[in-house]
Structure formats: structure tokens, C-alpha cells
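For reference, the structure discussed in these notes is given below.
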Amino acid sequence: MFKLAAFSLSAFIFPVAGQEVSIGYGAGNMAAMLAYDADVYATAAAAALTAAVRAPSMKQIRALEAKTHGATIAIVEYRPPGWEHPIRIHSRSGRSNTSIIQRLGGLSDTSSGVTSTGESDLEAPFATPDDVASDAAEATYYPDEVSLREGFRPTAPVDIRAPLLDQPTGGVVEASIIGDGRNHAGDAEIKALRKLESLFIDSSVPQGGRITAYVSKTVCASCEAGFQAIADTYRLSVQVYQLDEVNTPSQAGLYDVLQSDITAASRASSTLLKTVRKSTTTERLRQRIDGAPRATWFDDVDLDHLAAAEAGSLSIRQCEQ
């Protein structure tokens, strides 16, 4: 069983020009938060596979495992001014599970094997009507959501999923072309920010509040621009915590000695998260999922554990080897 040592979220801050936006490294209980979300997404992927393919081959399962545990996970928490409780937008990079399975050959009559999805190529746009409809249909694989509306004031944190959306009319969160040959409209951060912006545009949520975001990978230039654009347009302060998966990998654990080196701690958290996600995804996708999804993104036990992370250790469930 993997455990996370007590470790406060902290960061070396990299300011971005304009409205207050800070992007830096996070560690500690951030990895556990993202691991819980990854479990929800792995369970949803398994449910989609069960619905789409009667008897998937091991090759197809392994291909979907790679896509699922390799996706970026992001939690964008927004607290409007004067609100006691935040809105937490949960996001995974990429298309709907059904679209991914189709592109992996899961619904094909051929036996030619797995091919490249091309889902991030510039020539393969996101948010076509079919993609949006497919993603919307998968809402049943995820926890139920509260319907937000103008004047609504939650009595507890509100958790919603970031669906696949095109850029809203009048919206400013773009998927920038940054010269890497990839379409970033499916990035987890862009999907979450577009969902938040849609809530601003239809007046479901007041503007002018504070974003705290947690991202499983290094934030790219396109997503940095997205955070900056939404901050400038809607008068938001933004703090983004990212895990450092780019530098030399560290062992999968956190120790007190790392508290003076947030970059080393962030690398350790990233390695731990990858290990946990791979284990959880394998477990989920090799089961036949045909039932109700998890009831909530964070249940009472999860929240108790997260709150206790500052004072003790935090166990990540379903990670035994």
C-alpha cells in the first residue's frame, strides 16, 4: 500500500504577466487528490469498454489502459467572491471514452490491431458534434452533478465534470497553437476552463473569484495562455499547482528531507501518482464494469484522509501490490 507522508502543498512560483496568475510545483496530498480522480476516470473507461465491446482482446484492453493512465488529470477549484464553498471542476485530457475506443479499433470489424488515435493531431479537431454527443452520453458513468443556476449558493462543495466543449460563443479560452504540432483543445486544463467560462457566460456563477488548480503534468504554453485569458477577462486570481514529470524521475515516495526541495518532492509525487494510476487502471479495465459509478468524486472518507494528510499519512486505496 502506498502512503503519502505529511506534506503541505507549496510551490516555487512562476508569475505570468497580467492579472495575478501563478504556476508552480505542488506535492504531497495533491497526488492523492489526483489519484482519486484517476480512479473515477478508470472506472468510467471500464464501463465504456463493457458497453462498447462484448469480448475485448487483451491487446485492446492494454491499449485503452495506456490511454487512460497516460491522460492528464486536472482539478480546477473555483471559489466565487463571498462563497463559503467552492466549485470543483474535474477534467481528463482527450476525447470521450467511446471515441477513444473507436479509434483504438474497439468497435471495428477488422482484426488489424491497434492504430494511432491521432486525437491530438492538428488535423483531427476536437469537439465535433459527434464527439460532443458521445461525451455527453457518458455522463452516466460519472457521479451525479448539481445543476448550477444564477443565484445558486451551495451548502457544500460542488463537484462537476468538464465535458468536451467547443469554445463558447464570446469565450476567450482558446487552444493556442504553440508549434508542437498538437491540437490542445483536448487538454485537461482547457476543458476545465471552458466549462468554467460557460458558467460565467450564462451567469450561473459570479465572476471575480479565485482559482486553485491541480494538474498531474507540467502545464503547457497553451494552457498557461488559457489561465491568463480567463483571469484577465473575468478578474480572477489564479494559483496553479503542477507535478514535475519532465525532469529526472525520483523514487515513488515522499520523505521529510524533501520538504526543503519542492521540485524533488514534486518529481516524487509525480512518480508515485503514475505508479498508482497504472495499478488502478489495470485493475479497473480488467474487470467487467456494468453498474453504478462512484457516488461522489470525494466521499466522506476521502475528505477525512485529505484533511489528515497534514498531520499524518494518507493511504491511497486500491493500490496494493
Side-chain angles (χ1 to χ4, degrees), residues 33-56 60-61 63-65 67-76 87-108 117 119 126-149 152 154 156-166 168 185-186 188 190-192 194-196 198-199 202 204 277 280-302 317-318:
M33 294 167 62
L34 295 171
Y36 295 140
D37 270 30
D39 186 34
V40 174
Y41 284 113
T43 302
L49 184 63
T50 297
V53 186
R54 182 174 58 83
Q60 290 169 339
I61 291 173
L64 186 56
E65 285 175 5
K67 296 297 295 183
T68 302
H69 72 66
T72 302
I73 301 291
I75 302 171
V76 173
I87 296 167
R88 295 181 297 223
I89 303 175
H90 303 262
S91 185
R92 169 188 61 77
S93 64
R95 301 176 185 271
S96 69
N97 286 301
T98 301
S99 295
I100 292 171
I101 292 167
Q102 289 173 330
R103 287 169 170 79
L104 290 173
L107 301 181
S108 173
T117 68
E119 69 177 37
F126 278 77
T128 65
D130 285 346
D131 288 330
V132 171
S134 174
D135 187 81
E138 292 186 4
T140 57
Y141 300 152
Y142 298 94
D144 291 337
E145 297 181 2
V146 173
S147 179
L148 300 174
R149 62 190 182 281
F152 175 77
V158 173
D159 293 285
I160 58 178
R161 179 177 71 100
L164 187 62
L165 295 174
D166 203 352
I190 295 295
K191 289 169 68 175
R194 282 182 172 174
K195 176 60 180 177
L196 179 59
S198 73
L199 298 176
D202 67 15
S204 295
R277 288 183 65 184
T280 301
T281 301
T282 297
E283 179 183 348
R284 294 292 181 228
L285 284 173
R286 298 190 188 188
Q287 298 171 345
R288 299 299 288 173
I289 303 295
D290 189 15
R294 278 183 50 166
T296 61
W297 289 93
F298 294 125
D299 61 30
D300 291 339
V301 174
D302 294 343
R317 299 176 296 173
Q318 298 150 351

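Here, residue 1 is the first one in the sequence, and each next residue gets the next number.
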task = Determine, stepwise, if the pair Thr98 / Gln102 fulfils side chain to side chain contact (heavy atoms under 4.5 Å, CB included).
result = CA-CA 6 Å; Thr98 301; Gln102 289 173 330; 4.3 Å; yes
query = Stepwise, does the salt bridge (charged side-chain N to carboxylate O under 4.0 Å, His left out) test hold for Arg286 with Glu65?
reply = CA-CA 9 Å; Arg286 298 190 188 188; Glu65 285 175 5; 2.7 Å; yes
Test log, rule side chain to side chain contact (heavy atoms under 4.5 Å, CB included), inputs Asp159 and His90 = CA-CA 7 Å; Asp159 293 285; His90 303 262; 2.7 Å; yes
message = Ile160 vs Leu148, test: side chain to side chain contact (heavy atoms under 4.5 Å, CB included). Steps then yes/no.
response = CA-CA 10 Å; Ile160 58 178; Leu148 300 174; 4.3 Å; yes
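Every residue two or more places apart in sequence or in another chain that forms a side chain to side chain donor-acceptor pair (under 3.5 Å) with Asn97 is listed here: Glu138, Tyr142. With sequence neighbours excluded, the residues satisfying side chain to side chain contact (heavy atoms under 4.5 Å, CB included) with Pro154 are Trp83, His85, Phe152, Val158.
With hydrogens and angles disregarded, no donor-acceptor distance shorter than 3.5 Å links the side chain of Ser93 to the backbone of Ala188. Formation of a donor-acceptor pair under 3.5 Å by the Arg92 side chain with backbone atoms of Arg95 is found in this model. Using a distance-only test at 3.5 Å, with no hydrogens or angles considered, no donor-acceptor pair links the side chain of Tyr41 to the main chain of His69. At least one donor-acceptor pair under 3.5 Å links the side chain of Lys191 to the backbone N or O of Gly94. Without hydrogens or angle criteria, Thr281 side chain to Arg277 main chain gives a donor-acceptor distance under 3.5 Å. The closest donor-acceptor contact from the side chain of Arg194 to the backbone of Leu165 lies under 3.5 Å.
The closest side-chain donor-acceptor pair between Ser204 and Arg149, if any, does not fall under 3.5 angstrom.
Distance CH2/Trp297 to CD/Glu145: 8.0 Å, rounded to 0.5 Å. Rounded to the nearest 0.5 Å, atoms CZ (Arg284) and CG (Leu64) are 14.0 Å apart. Annotation: the span from Thr280 atom OG1 to Tyr36 atom OH amounts to 11.0 Å, rounded to 0.5 Å. Interatomic distance, CG of Asp131 versus CG of Asp166, reported as 10.5 Å (0.5 Å rounding). Within the model, atoms CD1 of Ile89 and CG of Leu199 stand 6.0 Å from one another, a figure rounded to the nearest 0.5 Å.
Residues Thr68 and Ala42 approach most closely at CG2-CA, 4.0 Å, considering heavy atoms. Closest approach of Pro143 and Val40 over heavy atoms only: CD-CG1, 4.0 Å. In terms of heavy atoms, Leu164 sits closest to Val132 at O-CG2, 3.8 Å. The nearest pair of heavy atoms linking Asp37 to Ala74 is OD2-O, 4.4 Å. Arg88 and Ile75 get closest at one heavy-atom pair: CB-CG2, 4.4 Å. The two residues Leu104 and Lys67 come nearest to each other via the heavy atoms CD1-CG, 4.1 Å.
Looking at Ser91 and Arg161, their side chains never come closer than 4.5 Å, going by heavy atoms from C-beta outward.
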